[in-house]
Amino acid sequence: MITLTVPVPKEFSFDQALSFLKRSPRELLHQVEGETVRKALRVDDDVVAIEVSFEKKKVRIDVLAESLTPVQQEEVIAYVREWFDLDTDLKPFYAMAEKDKLLKDLVQQYYGYRIVGQPDLYEAVTWAMLGQQINVAFAYTLKQRFVEQFGASLQMLDRRYYLFPVPEAVAVLSPDLLLPLQYSRQKAAYTITIAEAFANGTVSKESLKGLPLQEAKERLMKIKGVGNWTANYALMKTFRYPDAFPLEDAGLYNVVKKYKKLDRKPTPDEMKKVFKKYKGWEAYATLYLWKSL
DNA sequence: GACCAGGCGCACC
DNA sequence: GGTGCGCATGGT
């Protein structure tokens, strides 16, 4: 076993990250047990299992492997930094939120809560699409079946670690194989077109990296099944564009409805007005507002 | 039994 | 370029 440590900023709460990661018992891509989260990772064409915990104000990563190349060590550390969003300076956001009626209490209550990311863009897009217009619990059920059936896994010290299916494997599936998992015809078709786009290189994390948000969104939205909401959500989770956030999100509408004490759904203009105050921090504002639901 | 979920594409105007 | 509809199923 190899142990790596990662320093964290003051405004970071490992417990908050864990409580987010614990939110579904159907999650197969990581397992939280006590104060430790376990996960399998692809590093440099290899697969390793890691155990992540928090010790002496640092993130501790135990890699269940006999040896790792220096490159692999770097990749593991980079993954964890991305996963927990350790490179974002939250001070300006908190300074702004302190003065905001909606966010004030939330940022105190959940201090150090960061956006748990999804470093794999393909996984982020597929997961966002799965979550369209159904409740989150059911989305997890669909994902569980999908991962069990089409994902790779490795067995390590009495535990099974699952990996998200790779686009190459999903692109060649027939939609009929997904229907027994309770996918709608629509979701089955979208699942495959998204995989095709990634498998044939039309879209990749590398090709979107560094693009302005609008451009990255347009590229993703060329894929059938990926609309504005899904593109924003995926870009927020993978690239952490601070201003990528799903404005038309049903949950956000409900927060604003409650806040403004409306007896109807807020209008898009009312939504924009609320979020105008959060310019540059829309993604983080969204994260904390979701917490209030 | 309604009604809504971390929407989207498409057919119609 | 706007509006309405079907989608599948679970939670409330």
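Letters A, B, ... are given to chains in the order of the sequence lines, protein chains preceding strands, and every chain is numbered from 1.
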Does the separation of the ring centres of A/Tyr284 and A/Tyr278 fall below 6.0 angstrom? no

Ring centres under 6.0 angstrom apart (A/Phe93, A/Tyr288): yes

Find out if a path of hydrophobic residues (ILVMFWY) with successive side-chain heavy-atom gaps under 4.5 Å connects A/Phe20 to A/Val136. yes

Sequence neighbours left out, what pairs pass ring-ring contact (aromatic ring centres under 6.0 Å, His included) with at least one residue falling in residues 156-182 of chain A? A/Tyr122-A/Phe164, A/Phe146-A/Phe164

Find the distance A/Arg145:CZ to C/dT9:C1' and express it as a whole number of Å. 10 Å

Can you measure A/Lys258 atom NZ to B/dC4 atom P for me and round it to whole angstrom units? 18 Å

Is there a side-chain hydrogen bond (donor to acceptor under 3.5 Å, both in side chains) between A/Arg60 and A/Ser53? Walk through the geometry before answering. CA-CA 5 Å; A/Arg60 170 183 169 142; A/Ser53 54; 4.6 Å; no

Spacing between A/Leu178 atom CG and C/dT9 atom C1', to the nearest angstrom: 16 Å

How far, in whole Å, is B/dC10 from C/dA8 if one measures between their P atoms? 15 Å

Heavy-atom contacts, protein to nucleotides 7-13 of chain B, under 4.0 Å, summarised as B (base), S (sugar-phosphate only) or - (none) per nt, yield BSSS---

Protein-nucleotide distance (A/Lys143, atom NZ; C/dA8, atom P), rounded to Å: 22 Å

Can you check whether A/Ser184 has a side-chain N or O nearer than 4.0 Å to OP1 or OP2 of C/dA8? yes

Just checking A/Asn254: base, sugar-phosphate only, or nothing, at a heavy-atom cut-off of under 4.0 Å? sugar-phosphate

Any salt bridge linking A/Glu123 with A/Arg42? Criterion: basic side-chain nitrogen under 4.0 Å from a carboxylate oxygen. no

For A/Leu130 and C/dA8, what is the distance between atoms CG and P respectively, to the nearest whole Å? 14 Å

To the nearest Å, give me how far apart CD (A/Gln182) and C1' (C/dT9) are. 7 Å

Whole angstrom is fine here: how far is it from CE in A/Met129 over to C1' in B/dA5? 16 Å

Classify the nucleic acid contact of A/Arg26 as base, sugar-phosphate or nothing, counting any heavy atom under 4.0 Å across all strands shown. nothing

How many Å lie between OH on A/Tyr183 and C1' on C/dG6, as a whole number? 20 Å

Answer yes or no: is there an ion pair linking A/Glu27 with A/Lys143, defined by an N-O contact shorter than 4.0 Å? yes

